[in-house]
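As structure tokens, the structure follows; a few thoughts come after it.
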Amino acid sequence: QVVLVESGGGLVQAGGSVGLSCAASGRPLSNYYMAWFRQAPGKEREFVAAINWSGGSTYYADSVKGRFTISRENAKNTMYLQMNNLKPEDTAVYSCAAGFRTFIQALVRTTAAFDYWGQGTQVTVSS
């Protein structure tokens, strides 16, 4: 069992930056690939970014590529999402997730690839 807890959300102006953290407990984070998903009001949960066990491979949604950076520190059992040049359409609840299957791009872009989820943290971008 892995427990994931996000932190770092809040209110930010368009064009600004915010960093999110996902702290894991229960088992070593190095056993899992990780991802961030987000869900805006009235919309389905969507993929944001994913990172493999070592951090050497990452995938991003086209809508955030070049603005967001996913990273991890296995020694600290923590994953991060640095979000720059934020837009109002980035407003959502951001959740981190952990999985242990095969790190394939087509798979890790889906919620089915993940077994553990955090409770989410709100990010609101004002225009």
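Quick caveat, the model's predicted, so the values are computed rather than measured. Here, residue 1 is the first one in the sequence, and each next residue gets the next number. Both backbone and side-chain heavy atoms feed into the values below; hydrogens, waters and symmetry mates do not.
Between the side chain of N77 and the backbone N or O of G26, no donor-acceptor pair lies under 3.5 Å. No donor-acceptor pair under 3.5 Å is formed between the side chain of N85 and the backbone N or O of R67.
The OG1 atom of T69 sits 10.0 Å away from the CD1 atom of I51 when rounded to the nearest 0.5 Å. Atoms CG and CZ, on L86 and F68 in that order, are 5.0 Å from each other to the nearest 0.5 Å. Here the CE-CG distance, from M34 to L81, works out to 11.5 Å after rounding to the nearest 0.5 Å. In this structure, CZ in F103 is found 9.0 Å from OG in S54, a value given to the nearest 0.5 Å. Atom CE in M79 sits 9.5 Å away from atom OG in S21 (nearest 0.5 Å). From N52, atom CG reaches atom OH of Y33 across 11.0 Å, with rounding to the nearest 0.5 Å.
Within a 6.0 Å sphere centred on CZ of R27, other residues, nucleotides and ligands contribute 12 heavy atoms or fewer. Around the CD atom of Q105, the shell of radius 6.0 Å holds more than 12 heavy atoms that belong to other residues, nucleotides or ligands.
Taking all atoms of both residues into account, the shortest heavy-atom contact from S95 to R45 is OG-NH2, 4.4 Å. For the pair W53 and N31, the tightest heavy-atom approach, listed with the atom from each and the gap, is NE1-O, 3.1 Å. Closest heavy-atom contact between F114 and G99: CD2-N, 3.7 Å. The minimum heavy-atom distance linking Y60 with A49 is given by the pair CD2-CB, 3.6 Å. When all heavy atoms are compared, the tightest approach of I70 to T58 is CG2-CG2, 3.7 Å. The nearest pair of heavy atoms linking V108 to A50 is CG2-CB, 4.0 Å.
At a threshold of 4.5 Å between non-hydrogen side-chain atoms, the residues R38 and D90 count as touching. Residues L20 and E6 fail the side-chain proximity criterion, which asks for heavy atoms closer than 4.5 Å. Taking 4.5 Å as the limit, some side-chain heavy atom of D115 sits within range of a side-chain heavy atom of F100. No side-chain heavy atom of M83 sits under 4.5 Å from any side-chain heavy atom of V125.
Cluster annotation: F37 and L29 are assigned to distinct hydrophobic clusters (Ile/Leu/Val/Met/Phe/Trp/Tyr, side-chain heavy-atom contacts under 4.5 Å, transitive). No continuous path of hydrophobic side-chain contacts links L4 to V93 [ILVMFWY only; heavy atoms under 4.5 Å]. Note: the hydrophobic cluster containing W36 also contains Y116 (ILVMFWY, side chain heavy atoms under 4.5 Å, direct or indirect links).
Salt bridge present: D62 and K65 bring a charged side-chain N and a carboxylate O closer than 4.0 Å.
In the model, Y80 has a side-chain atom that pairs as donor or acceptor with a side-chain atom of E73 under 3.5 Å.
Proximity of the aromatic rings of F47 and Y59 is defined here by a centroid distance below 6.0 angstrom, and this criterion is not met.
A search for side-chain contact (heavy atoms from CB on, under 4.5 Å) contacts involving Q13 returns S126, not counting sequence neighbours.
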